[in-house]
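Okay, so here's the structure we're looking at.
Residue numbers start from 1 in every chain, and the chains themselves are labelled A, B, ... in the order their sequence lines are given, proteins ahead of strands. Bear in mind that the values here come from a model prediction, so they are computed numbers and not experimental data.
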Amino acid sequence: MGNYYLIMFMASVFILGFSTKVSSQSCCSGGVPVSNNLGLPASVEKTFQFAISYDLNLLNTLKEGSNWLDDNARKRLTHSILFQSGYVINKKWSAEIFASWIRQERIINQFNNTSQTVAQGPGDAVLLLKYKLLTNSVKNINWLVGAGPKFPTGSSDKKDKNDISLNADLQPGSGSLDLITWTQFSKNGKQRPSLTYSGTAAFSLKGKNNSYLGSQIYKFGNELILIGGVADQYVANKFLWGASIQAMYRHAFQDENDGEKTPGTGGRWIFFRPGLTIKPGGGISAINISASIPAYSWVKDTQLTPTVRYNVGLYYEIPRKKASFKSFKQ
Amino acid sequence: MRYPGKKHLSNHLNSNIMKQLHFLLLPFIILVNDGCKKNTTAVSGDNSGSVSNEWSIPRDRVFDGGPGKDGIPALTAPAFINLLQATYLSDNDLVVGYRKGNDIRAYSHNILNWHEIVNDDVSGDKLAVIYCPLTGTATGWSRMLPSGETTFGVSGLLYNANVIPFDRKTNSNWSQLLLKSVNGELNGIDAGNLQVIETTWKTWKEMFPGSKVLSTNTGFSRNYSSYPYGDYRINHNSILFGIVPDDNRLPRKERVLGIIKDGKAKVYKFSSLAANNGVIQDVFKGESLVIAGNEQRNIMVAFENKLPDNSIPIFSMDNTGVGLLKDQFGNIWDAFGVAVSGPLTGQKIKSPQFIMGYWMAFGSFYPNAVIF
């Protein structure tokens with residue numbers, strides 16, 4: 001029976017990833033970490049969930065295809081503060097809102113000079129409605145699917161201090177209304193219930209920014225994220241600790257500029273993501289720390305590509321039966 | 001962490017639903033509010049050297065191309081190799097050529113695509129070869145400015161999809177196709193033209209077998225056998241940054257020769273040359289000119305229609321190898337306008353300022369440019 005669920009999950013991943021026409025492309029390997037951070041943990045109904053995290057994406061690796069080029073003069077940093085609020089409406093339905101504040105930095109160390117360009121501001125926001133397709137307390141299985149829009153709340157027309165318009169890759173927002181589909185499957189171990197196997201897939205169907213640089217139409221490429229991992233928990237020093245390891249595959253299709261493919265965008269990456277969780281509140285609050293280390297990357301043309309990514313976050317949930325806002329303020 | 005008692009909880013269960021929804025929406029509300037201020041909170045910094053905000057071109061048409069200032073590294077004091085050593089080039093690859101006396105050098109597009117500017121010294125000529133991959137235009141500029149000798153770098157900015165070099169002496173920005181500084185201390189100063197030509201590697205080898213060519217030993221790690229812009233150079237629909245006006249009289253990426261004089265341009269096509277047996281005699285802005293070329297050898301050049309001894313030539317094509325033109329006096333002239341044999345051997349015909357490049361560049365920088 002467990003294999004049946006696994007097959008169904010893989011089938012849904014396939015459908016999510018490939019049923020949509022993939023004629024467009026995405027990229028900016030610099031990107032804001034939206035899809036791979038969606039999906040607050042499953043919880044009991046009437047629970048309010050809140051998460052805030054800081055994500056640093058460092059791009060200091062120059063590649064052509066999968067070949068590394070010995071040049072680290074250019075550096076791109078994307079600092080993201082990610083806000084997530086979720087509410088478990090009932091046993092089947094839950095919703096979450098994802099919002100972000102982004103700081104894009106470009107630093108060039110060349111010819112004994114350093115130049116830095118910064119653009120920052122609110123990023124885009126996502127509303128994700130999730131449905132628990134399957135839950136089996138005997139087999140410890142959960143399967144959720146979700147979908148929702150990504151709203152262009154972030155600015156996509158930032159300029160530098162000389163009033164020069166910056167390109168799409170340096171903007172905090174995309175300027176486009178996107179559709180995100182998402183699914184997550186998890187199963188706890190039989191012998192060791194604290195052991196969790198999970199898989200997540202997300203597909204972003206990107207919309208168009210119709211006013212890019214004033215009069216152009218820019219479309220980031222569609223993006224597919226596949227994540228598989230295992231996590232476990234144990235008690236030590238009066239805290240509940242969790243450790244996880246994930247593998248993440250990201251496929252970003254090429255961007256389009258006025259309907260034509262944008263050179264130097266798009267690629268495929270595999271990351272390993274070790275993570276550590278501390279639950280000082282006995283399962284209610286959690287502090288998460290993780291890193292994403294590229295194990296493989298192939299980029300279209302020549303691009304700066306992620307060198308490492310760090311994420312630290314705080315997760316908090318308020319069980320409906322225990323919390324009230326009035327007393328929470330006390 | 002304190003938790004409320006059950007009594008409190010039961011009293012507030014219903015009324016707190018709305019509060020919880022508000023809490024759920026809080027991040028979104030914060031961002032929407034902040035987003036409303038986005039134009040005033042546009043925090044940007046650029047330590048790449050402050051320049052005056054006075055531009056002689058529309059600043060709202062100047063865009064940051066993405067790589068940033070010096071993100072595309074210009075070359076300075078480059079290394080050269082002889083033609084036989086240049087195995088990284090294929091016959092159809094384009095090269096930009098410059099000649100000072102017997103010092104003849106080729107600068108390959110393969111390398112210029114990645115560096116855009118080469119600061120060189122050709123037997124005393126302080127030359128900057130400036131190439132824009134997005135407009136396909138190559139120019140030779142003197143590095144001797146009113147403020148002294150300089151080198152040029154790539155600002156990372158574009159105007160009408162065309163490179164904006166900056167000089168390291170004053171940090172002024174220049175427009176390649178307007179041939180002048182457009183921002184900074186030297187705003188309005190014309191670039192000193194050092195005429196370059198452009199042709200294929202195959203033709204170059206035939207015409208200048210004793211020359212040298214830019215080495216891939218640039219000090220930078222790049223694949224000089226690859227082209228970094230996808231199908232850009234052959235896809236007429238692909239423009240990465242808007243151009244105004246977008247003149248559609250010719251396909252955007254058709255390579256043409258443009259003669260520029262007094263802020264005006266006249267454009268010549270390979271097909272027009274073919275229809276005139278490779279030689280066009282024309283007058284532009286009161287100047288009598290000869291445009292010569294050959295689509296098979298992929299070369300087009302322009303000269304004044306007057307020989308160094310002031311006699312008026314009648315040119316015809318010479319496709320014997322090193323020569324491009326021959327005249328009625330028995331002179332054979334190479335693509336730089338230097339007589340390689342005949343009575344005027346070693347002497348040079350003057351050239352107007354001309355640039356090879358994509359039609360879209362001339363159509364946008366020189367509106368209503370005349371097409372021959």
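For Ile117(B) against Gly153(B), the heavy-atom pair with the smallest separation is CD1-O, 3.4 Å. Of all the heavy atoms in Phe63(B) and Ile164(A), the pair that sits closest is C-CG2, 3.8 Å.
Counting heavy-atom pairs closer than 4.5 Å to chain B, the top-ranked of the candidates Asn257(A), Leu170(A), Asn109(A), Ile107(A) is Asn257(A). Chosen from Asp163(A), Asn113(A), Asn67(A), the residue pairing most often with chain B at heavy-atom distances under 4.5 Å is Asp163(A). Among Ile52(A), Leu69(A), Leu127(A), Asp258(A), the residue with the largest count of heavy-atom pairs under 4.5 Å with chain B is Leu69(A). For the set Leu240(B), Thr76(B), Ile239(B), Asn237(B), the entry with the most heavy-atom pairs within less than 4.5 Å of chain A is Leu240(B).
The aromatic rings of Phe50(A) and Phe48(A) sit parallel to each other, their planes meeting at less than 30°, with 60° as the upper class boundary.
The part of Phe220(B) that comes within reach of chain A is its side chain, from C-beta onward, which places non-hydrogen atoms under 4.5 angstrom from that chain. Contacts of Asp301(A) with chain B are made by side-chain atoms alone, with heavy-atom separations under 4.5 Å and no backbone atom involved. Both the backbone and the side chain of Ser165(A) have a heavy atom closer than 4.5 Å to some heavy atom of chain B. Contact of Pro73(B) with chain A is made through backbone and side chain together, with heavy-atom distances under 4.5 Å. The part of Asn235(B) that comes within reach of chain A is its side chain, from C-beta onward, which places non-hydrogen atoms under 4.5 angstrom from that chain. Looking at Leu62(A), the atoms closer than 4.5 Å to chain B (heavy atoms on both sides) all sit in the side chain, from C-beta outward.
A centroid separation of 6.0 Å or more is found between the aromatic rings of Tyr159(B) and Phe241(B). Side-chain rings of Trp174(B) and Phe152(B) approach one another, their centers coming within less than 6.0 Å. Taking the six-membered ring where the residue is Trp, the centroids of His115(B) and Tyr224(B) are separated by under 6.0 Å.
In this structure, Lys69(B) forms a cation-pi arrangement with Phe166(B), its terminal cationic atom sitting closer than 6.0 Å to the ring centre and no more than 45° off the ring axis.
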